Amino acid sequence: MREKDILIIGSGGTVHNLRALNWSKQSGEADQWAIEFDNWIRDHINKWDLDSLFKYDAIAPNAGLAVPPYGNEHFVPIFYAMGAADNEKKAKLIHSSYRYGNLSHSVWQFG
């Protein structure tokens, strides 16, 4: 599809644990554990470190809280989007914000 110049969009969330939300926190107030997980993900995406990214659940800080086993379907689409990128292996974080303390909203551009 990329050879036909078709835009591919993956949808999900890097930190998505509805059981950990703090409904009293609004936009901009982020829990430290969520920031640490997102920073780790960002660093490894920018390095295109697939070996580490594929083992995120075992080595990323706070992975069990950020991406619980019952909610990993919100995280995994980032791998599909990366795989659909061109061969340059470039990543750019376009937007990052949080709601309810730790619900992460990240927009990435690959390729």
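Remember, it's a predicted structure, so these values are computed and weren't measured experimentally.
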Only pairs under 3.5 Å count here: list side-chain donor-acceptor contacts from residues 55-79, not counting sequence neighbours, and write none if there are none.
| from | atom 1 | to | atom 2 | distance (Å) |
| --- | --- | --- | --- | --- |
| N62 | ND2 | W33 | O | 3.1 |
| N62 | ND2 | E36 | OE1 | 3.0 |
| Y70 | OH | N17 | OD1 | 2.9 |

Checklist entry - Honestly curious: do V15 and M82 fall in one hydrophobic cluster under the side-chain, below-4.5 Å linking rule? => result yes

Side-chain atoms of residues 92-101: list all donor-acceptor pairs with protein atoms under 3.5 Å, sequence neighbours left out, distances to 0.1 Å.
| from | atom 1 | to | atom 2 | distance (Å) |
| --- | --- | --- | --- | --- |
| H95 | NE2 | S97 | OG | 2.9 |
| Y98 | OH | D38 | OD2 | 2.7 |

Item to check | Residues forming a side chain to side chain contact (heavy atoms under 4.5 Å, CB included) with L18, sequence neighbours excluded | outcome: H16, L21

Checklist entry - Can you list the residues that meet the side chain to side chain contact (heavy atoms under 4.5 Å, CB included) rule with A91, with sequence neighbours excluded? => result I45, N46, W48, W108, F110

Checklist outcome for this item: The side chain to side chain donor-acceptor pair (under 3.5 Å) partners of K90 (sequence neighbours excluded) come to E88

Checklist outcome for this item: For residues 101-111, the salt bridge (Lys or Arg N to Asp or Glu O under 4.0 Å) pairs (sequence neighbours left out) are none

Item to check | Pairs meeting criterion salt bridge (Lys or Arg N to Asp or Glu O under 4.0 Å) with involvement of residues 11-26, two or more places apart | outcome: K25-D31

Next on the checklist: So, taking the atom named CH2 in W40 and the one named OG in S52, what distance separates them when rounded to the nearest 0.5 Å?
Outcome noted: 5.0 Å

Item to check | Flag, side chain of N102 to backbone of A30, donor-acceptor distance under 3.5 Å | outcome: no

